[in-house]
Amino acid sequence: MNLSYWEIKTWLSNIDFTIVGSGIVGLNCALELKKKFPNSKILILEKGTLPQGASTKNAGFACFGSLSEIIDDLESHSEEEVFQLVKKRVDGLSLLRKTLGDEVIQYQNKGGYELFLSEDKELYDLCVGKQQYVNKLLKPIFKADVFSFKENLFNFNKIKPQYSFNQFEGQIDTGKMMEALLLKALKSGIKILNNTSVESFLEGTEQVEIKTNNFEFSTSKLLIATNGFASKLINQNVKPARAQVLVTEPIKNLHIKGTFHLDRGYYYFRNIDDRILLGGGRHLDFKTEETQEFGKTHIIQSKLDELLRTMILPNIDYKIDYQWSGIMGVGEQKSAIVKQLSNNVYCGVRLGGMGVAIGSLVGKELADLIA
Ligand SMILES: Cc1cc2nc3c(=O)[nH]c(=O)nc-3n(C[C@H](O)[C@H](O)[C@H](O)COP(=O)(O)OP(=O)(O)OC[C@H]3O[C@@H](n4cnc5c(N)ncnc54)[C@H](O)[C@@H]3O)c2cc1C
């Protein structure tokens, strides 16, 4: 790309902070840096025309763990670790709501539900048995019982007659959240260049040289917020995980309201406008879904359709309107990796399926690595 004097002077010179990735982490990191260093020059590079990872693709659950997820986490983490993880998700959500405002992101507290398959007696009994124990563990955070059991009022099929209910779970409009974050960043004077993919970087003593698909330049500090794509630039324990989603056409008098977790969280669905959004099924084909390529597969999309037909919307006529996928960053541990990698390079990656909840906080923590 043959850049002009003006382009180089205005966009690509004397840059204090370059952030790779304009997802929820990159944008929050940039905003926090601007707050800490108001006179700094901040540049975000984004490979997509729109943010092109998970932040504009997700389901918009403002959640901190279903009952079975928390019980499962307690198998591999200490009580303290599980408590801290839930607290982080709760704190992250309150930071997101404070930063953008409930009306802007259309935060709604309609409650969260966990549905148990008719045949999954073992998991159901486990959750019933451990509910009080989990409520007690989380009481210091919520000052009330989080989980209770409710009758199947939405008339779902092929599930246990009662489901677990989380009175504190909410939902947001993902598009509105990302639009507001982008606007806030631009209004603060943060520069965002789309269709610009960072291909490599080389650290010198004072500066980091960056090579993109369009141009090369240097920056004082480089912050990498590329989540599921992290392995292309840095060597950290993050694997890509594709997640597929569909949305139905509008359904007349849709009676289902809330966020729903099904079959140990392998599937999730919610109402959005007067439609149903349904996602999940990665466990049907883990190996194929461990990819940085967007796409949908017959095995997963047909299972999602079957769930709609037989379980979620039995006897209701519906059509599928949209299908898409997003790429998450996952690892063996559930925690994000936020750290300094070398003198002038930092990363905040591996947000798993929790980025709506913890993304604002991880972005802030990434910025806070810089003194
Ligand atoms: C289908 C789906 C449903 C989900 N549902 C929920 C949910 O309900 N609740 C919840 O809390 N979380 C959910 N998540 C997870 C959540 O969306 C993510 O954890 C979060 O968006 C991660 O944000 P991020 O900024 O770290 O990464 P991303 O949003 O992936 O941002 C990384 C950005 O980096 C860019 N990039 C990558 N490499 C380069 C490069 N070399 N050069 C330039 N740019 C680059 C990408 O294009 C991308 O825009 C879901 C995820 C998916 C995919």
Side-chain angles (χ1 to χ4, degrees), residues 18-30 43-66 88-89 92-93 96 112 169-172 174 177-178 181-182 192-201 210-214 222-234 238 240-247 259-261 265 267-270 272 277-282 289 292 294 296 300 304 323-330 334 336-338 347-363 366:
T18 298
I19 296 160
V20 195
S22 69
I24 185 170
V25 173
L27 291 168
N28 275 288
C29 172
L43 178 66
I44 301 182
L45 302 177
E46 166 56 53
K47 71 176 165 64
T49 305
L50 289 167
Q52 211 48 217
S55 297
T56 50
K57 313 282 191 190
N58 62 58
F61 283 35
C63 61
F64 48 84
S66 68
K88 189 159 189 177
R89 291 169 79 167
L93 282 168
L96 170 70
E169 193 162 302
Q171 50 177 276
I172 64 159
T174 291
M177 170 191 73
M178 285 303 288
L181 271 177
L182 284 164
I192 305 176
L193 296 182
N194 286 89
N195 296 316
T196 303
S197 179
V198 173
E199 292 178 345
S200 60
F201 64 88
I210 296 178
K211 183 171 182 296
T212 77
N213 57 332
N214 293 324
L222 174 65
L223 300 105
I224 295 170
T226 57
N227 200 34
F229 305 89
S231 65
K232 287 195 173 163
L233 291 176
I234 54 177
V238 193
R242 185 170 65 191
Q244 302 184 36
V245 176
L246 61 75
V247 166
T259 47
F260 299 84
H261 310 256
Y267 303 100
Y268 43 88
F269 61 96
R270 61 172 281 189
I272 175 65
L277 176 154
L278 166 65
R282 220 159 45 83
E289 299 307 305
Q292 293 174 342
F294 293 90
K296 52 187 191 192
I300 291 180
L304 295 179
Q323 295 165 303
W324 69 86
S325 67
I327 310 293
M328 303 184 287
V330 301
K334 251 181 135 176
I337 303 174
V338 185
C347 77
V349 294
R350 199 175 69 185
L351 279 83
M354 309 182 296
V356 171
I358 62 172
S360 308
L361 212 54
V362 170
L366 178 56

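Counting starts at 1 for both ligands and their atoms, in listed order.
Considering only non-hydrogen atoms, atom 23 (O) of ligand 1 lies nearest to Ser55 out of Ser55, Gly355, Ser325. Nearest-heavy-atom check against atom 12 (N) of ligand 1 across Cys63, Ala230, Ala62, Gly353 picks out Gly353. Looking at Asn58, Leu50, Leu45, Thr174, it is Asn58 that brings a heavy atom closest to atom 17 (O) of ligand 1.
Contact between Leu304 and Gln244 at its shortest, heavy atoms only, is CD1-O, 4.0 Å. The two residues Gly112 and Glu169 make their nearest non-hydrogen contact at N-CB, 3.5 Å. Pairing each heavy atom of Ser231 with each of Gln292, the nearest pair is OG-NE2, 3.2 Å.
Every atom of ligand 1 is numbered from 1 in the order shown, and the set under 4.0 Å from a heavy atom of Val20 is 40 (C), 42 (N), 43 (C), 44 (N). Ligand-side atoms of ligand 1 in range of Phe229: 37 (C), 38 (N), range being under 4.0 angstrom from any heavy atom. Within ligand 1, counting atoms from 1 as listed, the ones closer than 4.0 Å to a heavy atom of Gly53 are 30 (O), 48 (C), 49 (O). For ligand 1, the atoms sitting less than 4.0 Å from at least one non-hydrogen atom of Ala357 are 11 (O), numbered in the order shown with element in parentheses. Close contacts of ligand 1 with Pro51, meaning ligand atoms under 4.0 Å from a residue heavy atom, involve 49 (O). Heavy-atom proximity to Gly326, at under 4.0 Å, picks out these atoms of ligand 1: 53 (C). Close approach of ligand 1 to Met328 is summarised as follows: ligand atoms under 4.0 Å from at least one heavy atom of the residue are 51 (C), 52 (C), 53 (C). Remark: ligand 1 atoms within the under-4.0 Å shell around heavy atoms of Val25 are 24 (P), 25 (O), 26 (O).
Ranking the protein heavy atoms by distance from atom 15 (C) of ligand 1 puts Gly352 O, 3.4 Å first. Of the protein's non-hydrogen atoms, Glu46 OE2, 2.6 Å is the one closest to atom 47 (O) of ligand 1. Looking from atom 7 (C) of ligand 1 to the surrounding protein, the closest heavy atom is Phe61 N, 3.7 Å. Residue, atom and distance of the protein heavy atom nearest to atom 31 (O) of ligand 1 are Gly23 CA, 3.5 Å. Scanning all protein heavy atoms for the shortest distance to atom 11 (O) of ligand 1 gives Val356 N, 2.9 Å. In terms of protein heavy-atom proximity, atom 1 (C) of ligand 1 is closest to Val245 CG2, 3.3 Å. Shortest contact from atom 32 (C) of ligand 1 to any protein heavy atom: Ala225 O, 3.3 Å. At the shortest separation from atom 38 (N) of ligand 1 among protein heavy atoms lies Thr226 CG2, 3.5 Å.
For the atom pair Phe229 CZ and Ser197 OG, the distance stands at 9.5 Å (nearest 0.5 Å). Between atom NE2 of residue His261 and atom OH of residue Tyr267 there is a gap of 15.5 Å, rounded to the nearest 0.5 Å. Put simply, CG on Leu233 and SG on Cys347 are 10.5 Å apart, with the number rounded to the nearest 0.5 Å. Residue Leu193 holds its CG atom at 8.5 Å from OG1 of Thr212, rounded to the nearest 0.5 Å.
Using a 4.0 angstrom heavy-atom cutoff, Ser197 counts as in contact with ligand 1. Under a 4.0 angstrom heavy-atom cut-off, Thr196 registers as being in contact with ligand 1.
Side-chain contact check for Met177 versus Ile24: some heavy-atom pair is nearer than 4.5 Å. In this structure the side chain of Leu181 reaches within 4.5 angstrom of the side chain of Met178, judged on heavy atoms.
Proximity of Thr56 to ligand 1, defined as any heavy-atom pair under 4.0 Å, is not found for any part of the residue. Contacts between Lys57 and ligand 1, counted as non-hydrogen atom pairs separated by less than 4.0 Å, involve the backbone only.
A donor-acceptor distance shorter than 3.5 angstrom exists from the side chain of Arg270 to the backbone of Ala59, with no hydrogens or angles considered. For Asn58 (side chain) and Thr174 (main-chain N/O), no donor-acceptor pair under 3.5 Å exists by modelled atom type.
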Arg282/Met328 under side chain to side chain contact (heavy atoms under 4.5 Å, CB included): CA gap, chis, key distance, verdict: CA-CA 12 Å; Arg282 220 159 45 83; Met328 303 184 287; 3.9 Å; yes
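Residue Ile224 is tested with Val20, Val25, Leu366 for a side-chain contact (heavy atoms from CB on, under 4.5 Å); the sole match is Val20.
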